[in-house]
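Accompanying notes for the structure given below.
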Amino acid sequence: NKVFNLFKNTKHYENLRKLKVDGVVHSDYKGKVGCYLNWGPYALLIRETAFNSDKMHNHDYLKLPEIIEHICEDYLKKYSVEIKPKIIESLKPCIVKFWSRKPLYKTYISAAIYYLYCKIHNEELCSLINRCYDGNGKGIPFAQIEKIEFVENYNNTH
């Protein structure tokens, strides 16, 4: 709804409504909305990886949610207009710290240990520490959210 509200009273509003009705054709978008197991929510295990998306070979989630990027890409293809910058400008990037009772996988623990090793030995971070939490289509209950930290001026520097 925020994307729609951002373009209210413009031609983009009607174009976005049409795109919603017709369907976004981006294959990653279809894979996400078509199967509840791909709904996330997803979270980066190690906070620092969010600020190093290039090194981690990740999407830059602090800049723009991945699913919104897919919508923007389809919009550009269909209407030859770039709406992504206006959306990015309207966002306030944040980091949400939460806890979960989901079982820890060995890959989470090994990534955390390797991250500590890299920090202690002043080694460059690499994709070996890049692990993500997957909510498997179940949201994070409000009671499990410990902190929301807004990242000031992130979109102006990235």
Side-chain angles (χ1 to χ4, degrees), residues 1-6 16 19 23-77 82-158:
N1 280 342
K2 180 171 174 120
V3 172
F4 281 101
N5 290 338
L6 186 62
L16 284 164
L19 189 64
V24 174
V25 296
H26 193 287
S27 61
D28 289 342
Y29 179 91
K30 284 185 169 187
K32 287 180 179 85
V33 298
C35 176
Y36 79 92
L37 291 176
N38 294 327
W39 290 351
Y42 297 104
L44 299 171
L45 176 65
I46 297 171
R47 182 185 189 280
E48 194 170 340
T49 61
F51 294 94
N52 292 284
S53 58
D54 288 344
K55 288 181 191 173
M56 300 296 114
H57 306 288
N58 268 353
H59 175 81
D60 187 348
Y61 296 101
L62 290 173
K63 188 172 191 174
L64 184 69
E66 201 169 11
I67 200 159
I68 300 297
E69 181 139 0
H70 301 326
I71 293 167
C72 291
E73 289 170 9
D74 265 27
Y75 192 94
L76 178 60
K77 283 181 190 172
E82 181 70 78
I83 61 171
K84 190 179 355 177
K86 184 161 179 78
I87 294 172
I88 290 170
E89 181 184 299
S90 75
L91 297 174
K92 294 181 181 174
C94 69
I95 295 174
V96 179
K97 181 180 177 182
F98 65 92
W99 59 269
S100 172
R101 286 200 164 83
K102 239 183 125 170
L104 279 176
Y105 299 109
K106 289 178 186 176
T107 59
Y108 292 171
I109 296 167
S110 63
I113 291 169
Y114 190 63
Y115 170 75
L116 292 173
Y117 174 87
C118 289
K119 296 310 276 184
I120 290 167
H121 296 284
N122 292 319
E123 291 195 16
E124 184 103 6
L125 299 181
C126 69
S127 61
L128 293 174
I129 66 167
N130 192 17
R131 297 292 178 268
C132 296
Y133 167 89
D134 181 354
N136 296 113
K138 296 179 181 156
I140 306 298
F142 183 76
Q144 290 176 218
I145 296 175
E146 292 186 359
K147 180 181 179 183
I148 299 174
E149 174 190 346
F150 287 94
V151 182
E152 297 297 324
N153 299 318
Y154 181 80
N155 284 331
N156 296 334
T157 60
H158 286 84

Point to revise | Spacing of CG belonging to Leu76 relative to CD1 belonging to Ile71, to within rounding of 0.5 Å | key: 14.0 Å
Exercise for review: Tell me, with the steps shown, if Tyr115 and Arg47 meet side chain to side chain contact (heavy atoms under 4.5 Å, CB included).
Suggested key: CA-CA 11 Å; Tyr115 170 75; Arg47 182 185 189 280; over 6 Å; no
Check your understanding: Does the side chain of Asn130 come within less than 4.5 Å of Leu44's, by heavy atoms?
Key -> yes
Point to revise | Minimum heavy-atom distance Ser127-His57, with the two atoms named | key: CB-CD2, 4.4 Å
Exercise for review: Check each of Glu89, Glu69, Glu73 against Lys84 using the side-chain hydrogen bond (donor to acceptor under 3.5 Å, both in side chains) test, and report the only one that passes.
Suggested key: Glu69
**Study point:** From CG (Leu64) to OG (Ser90), nearest 0.5 Å
**Key:** 9.0 Å
Review point. In terms of side-chain heavy atoms, does Tyr42 have a donor or acceptor partner in Glu66 at a distance below 3.5 Å?
Key: no
**Study point:** Value rounded to 0.5 Å, distance of CD1 in Ile113 from CD1 in Ile129
**Key:** 13.0 Å
Check your understanding: Quick one: CD on Glu146 to CH2 on Trp99, what's the gap to the nearest 0.5 Å?
Key -> 8.5 Å
Review point. Under the 3.5 angstrom rule, does the side chain of Tyr108 hit a backbone N or O of Cys132 as a donor-acceptor pair?
Key: yes
Study note, to complete from the structure: Scanning both residues in full, the closest heavy-atom pair of Ser53 with Asp60 reads OG-CB, 3.6 Å
Exercise for review: Indicate yes or no: at least one non-hydrogen side-chain atom of Lys102 is less than 4.5 angstrom from one of Lys138.
Suggested key: no
Check your understanding: How about Ile83 and Leu16: do any of their side-chain heavy atoms sit closer than 4.5 Å?
Key -> yes
Practice item. Show your working on side chain to side chain contact (heavy atoms under 4.5 Å, CB included) between Arg131 and Ile46 and close with a plain yes or no. Key: CA-CA 8 Å; Arg131 297 292 178 268; Ile46 297 171; over 6 Å; no
Point to revise | Interatomic distance, Leu125 atom CG to Thr49 atom OG1 [nearest 0.5 angstrom] | key: 8.5 Å
Review point. Say you draw a straight line from NZ of Lys97 to CD1 of Ile140; how long is it, rounded to the nearest 0.5 Å?
Key: 14.0 Å
Review point. Are Tyr105 and Asp134 linked by a side-chain donor-acceptor pair shorter than 3.5 Å?
Key: no
Point to revise | Min side-chain heavy-atom separation Ile68-Ile87 under 4.5 Å | key: yes
Exercise for review: List the steps, then state whether side chain to side chain contact (heavy atoms under 4.5 Å, CB included) holds for Leu91 with Tyr154.
Suggested key: CA-CA 10 Å; Leu91 297 174; Tyr154 181 80; over 6 Å; no
Check your understanding: Would the number of heavy atoms belonging to other residues, nucleotides or ligands and lying under 6.0 Å from NZ of Lys86 be above 12?
Key -> no
Review point. Do Tyr133 and Phe98 have their ring centres less than 6.0 Å from each other?
Key: yes
Practice item. Would you sort out whether Glu124 and Lys55 count as a salt bridge (charged side-chain N to carboxylate O under 4.0 Å, His left out), showing the intermediate values? Key: CA-CA 9 Å; Glu124 184 103 6; Lys55 288 181 191 173; 3.3 Å; yes
